[in-house]
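Read the structure below first, then the notes.
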Amino acid sequence: MSHSLIEQFKEAGQGQVFKFWDKLSPTEQAALLEEAAEIDLAEIDSLFQSLVQGSHDAHQDFSGLAPAPYVAHPAHGGDQALWVDARKRGEEALSNGKVAAFVVAGGQGTRLGYDKPKGLFPVTPIHQKSLFQVFAEKILAAEKTYSTTIPWFIMTSNVNHQDTADFLESNGFFGLKSDQVHCFRQGRMPAIDLNGKILLSSKHSIAMSPDGHGGSLRALVRSGATQIMEENGIDVLSYFQVDNPLVKVIDPAFIGFHLQSGAGMSSKMIPKAYPEEKVGVFCKQGEKNLVIEYSDLPEDLMHETDENGQLKFLAGSIAIHTLSKDFINQMGGSDSSSPSLPFHRADKKIPTVDDAGHPVKPESPNGVKFEMFVFDALPFSEKTIVIETQRSTDFSPVKNAEGLDSPKTCKEDQMKEFVSWLSAAGETVAVDANGVPLQPIEVSALFGYDEASFSKSWNALTDKPDLSQTLDLT
Ligand code: UTP
């Protein structure tokens, strides 16, 4: 076995990757070499030294940390006129075809434990529509409202790319045109054990996993997505996560605030429900905005309150952003002037093989994965704006199979939003103590996607449905 790549791995102390080489078929050998070629050995060594051998959060510096300023929502005392202006600006951009939607869907969704890509997960209360269908309908509704085409970029990973692409195609892209939907793969990183050795997932494959949602910036550039933006005159991407069907996929006010401020990257926040809530927090350090992960925010800052008793570090990040094309190119380029996002360490149970090549399913974490986080790009944006949104209209993720942020809570939150639209339209719906309707309700974005559009469609119905029964407006 004399292959220069194998020699390089040996020299770097990673020869174990090829320990079954002589027992592999030519096809298996080729597959292993292909994976190995993706790995930057120097990068892995440096991550091992800094994140595994060194202190876990050595890169965190909390000096001079202050809460990030944000634009308050009108429902919380924000200036209505500002929002009207921003909305107009966003609507103009939408009508001029300057906006595309972008969902990051490359994650492994291990907590949910669903055996298909998360975007295929049945999420709506009555029809069990998939997350992808919910987003597609929101895009279709926005296209209709602004008489425009809104391209949709979907970031997948090697783990789920083919299943995602097949699903969208076999469902006719849920009414979108096939050439406006662009699926592309994100990069991957190998997992290492606690001694810095790259782990195998089988005799002929390396334990590779997606490089985190922060990998989206370079994947957008590498995949040619930014080129497509350029060719189609797209200036802004509306970024969201695949697990959150409540998200306003297209939010004209948010897009407007972003454009007015000339930002490279902007974000939405919601007030944290309680100090320990597991969301990152928007902070300011010097002139830069940044997000500090909940697990990294020092206890005293987490609980600090202002003179009104309100949490000082209140602004929770819900992974909804806008990204300008130029900023993506700046961050995602491959030349040396492009800043690189830091990697974070996650200790995981990584299925691997023993010395005899037999599969091992560890009971406790046996290795480390490396991921980039998209919010780490914020400090690189010269200008940025954070706006407040409401949890009830923008955020109810499906993370866990049960309990908090589960399919059950998400269905309830969808129905609570539909109830609020019905109330705004002057209707009364019977609900339980938590505000969940006693009979199931489902409203497609094609009928109504917010209070105003819902009211319009509702008022146009000549024969109003009976609200004491299941309500299906699809
Ligand atoms: P999560 O942090 O919830 O991770 O991703 P996950 O992989 O989906 O789920 P768990 O932690 O294994 O249970 C938040 C969002 O970022 C995307 C996910 O698809 C989701 O939309 N993501 C995450 C990527 O696109 N790529 C990644 O490498 C990681």
Side-chain angles (χ1 to χ4, degrees), residues 38 101-121 123 130-132 134-135 152-161 163-165 167 182-191 207-220 222-223 225 237-247 249 267-268 277-280 291 293-296 316-321 323 328 332 341-351 365 367-377 394-407 409-410:
E38 279 182 38
F102 176 36
V103 64
V104 287
Q108 292 170 298
T110 38
R111 282 170 288 173
L112 183 61
Y114 180 56
D115 61 357
K116 298 187 185 126
K118 217 188 228 187
L120 278 60
F121 189 78
V123 78
S130 65
L131 283 152
F132 281 134
V134 170
F135 302 137
W152 186 17
F153 294 98
I154 301 173
M155 185 174 82
T156 61
S157 58
N158 277 48
V159 189
N160 62 22
H161 182 83
D163 287 346
T164 300
F167 176 75
H182 308 279
C183 280
F184 62 91
R185 284 185 175 87
Q186 67 179 109
R188 352 182 238 180
M189 288 290 280
M208 301 280 258
S209 50
D211 59 2
H213 41 67
S216 59
L217 294 163
R218 54 194 200 189
L220 280 163
R222 275 191 208 151
S223 67
L237 287 189
S238 173
Y239 171 110
F240 56 98
Q241 300 196 150
V242 75
D243 53 22
N244 179 20
L246 236 61
V247 65
V249 167
S267 311
K268 280 189 180 177
E277 187 175 4
K278 290 185 174 176
V279 290
V291 172
E293 270 193 282
Y294 66 88
S295 50
D296 290 339
S317 171
I318 47 171
I320 302 176
H321 306 283
L323 295 162
I328 301 167
L341 296 185
F343 276 96
H344 298 254
R345 156 190 179 166
D347 294 19
K348 300 268 177 180
K349 291 181 241 173
I350 299 159
V368 174
K369 287 185 181 179
F370 299 111
E371 290 196 348
M372 289 178 279
F373 297 156
V374 76
F375 53 72
D376 281 331
D394 243 327
F395 189 58
S396 183
V398 179
K399 296 274 187 205
N400 307 306
E402 278 168 15
L404 205 67
D405 296 339
S406 62
T409 57
C410 181

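Treat the numbers as computed from the prediction; the structure is a model and nothing was measured. Position 1 is the first residue of the sequence, and the numbers go up from there. Atoms within a ligand are numbered from 1 in the order they appear, just like the ligands themselves.
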Report yes or no: does Gly215 have a heavy atom closer than 4.0 Å to ligand 1? no
Does even one non-hydrogen atom of Ser157 get within less than 4.0 Å of ligand 1? no
If you define the side chain from C-beta out and look only at heavy atoms, does anything of [X] sit under 4.5 Å from [Y]?
X	Y	value
Phe132	Leu120	yes
Leu246	Asp394	no
Asp211	Arg218	yes
Leu131	Pro245	yes

When you compare ligand 1 with [X], is there at least one nitrogen or oxygen pair between them that comes in under 3.5 angstrom?
X	answer
Met155	no
Glu371	no
Gly107	yes
Lys348	no

Nearest protein heavy atom with distance in Å, relative to [atom]:
atom	result
atom 21 (O) of ligand 1	Val104 O, 2.7 Å
atom 12 (O) of ligand 1	Thr110 OG1, 2.4 Å
atom 26 (N) of ligand 1	Gln186 OE1, 2.7 Å
atom 7 (O) of ligand 1	Gln108 N, 2.8 Å

Using every non-hydrogen atom in the two residues, find where Tyr239 and Val374 come nearest and quote the distance to one decimal. OH-CG1, 3.3 Å
Which residue from Gln241, Met189, Arg111 reaches closest to atom 2 (O) of ligand 1 through any of its heavy atoms? Arg111
Shortest reach to atom 28 (O) of ligand 1 by a heavy atom, considering only Gly109, Gly212, Gly106: Gly212
With no hydrogens and no angle check, is any side-chain donor or acceptor of Lys118 less than 3.5 Å from a backbone partner on Val398? yes
Where's the contact between Ala105 and ligand 1, heavy-atom distance under 4.0 Å: side chain, backbone, both or neither? backbone
Within ligand 1, which atoms have a heavy atom of Lys399 less than 4.0 Å away? 1 (P), 3 (O), 14 (C)
Element-labelled atoms of ligand 1 that are located less than 4.0 Å from some non-hydrogen atom of His213: 16 (O), 26 (N), 27 (C), 28 (O), 29 (C)
Which residues share a side-chain hydrogen bond (donor to acceptor under 3.5 Å, both in side chains) with Ser396, sequence neighbours left out: Asp413
Enter the distance from Thr110:OG1 to Lys348:NZ here, rounded to the nearest 0.5 Å. 5.0 Å
Would you call the rings of His213 and Phe375 parallel, tilted or perpendicular if under 30° counts as parallel and over 60° as perpendicular? tilted
Should we count CD of Glu402 as having more than 12 external heavy atoms under 6.0 Å? no
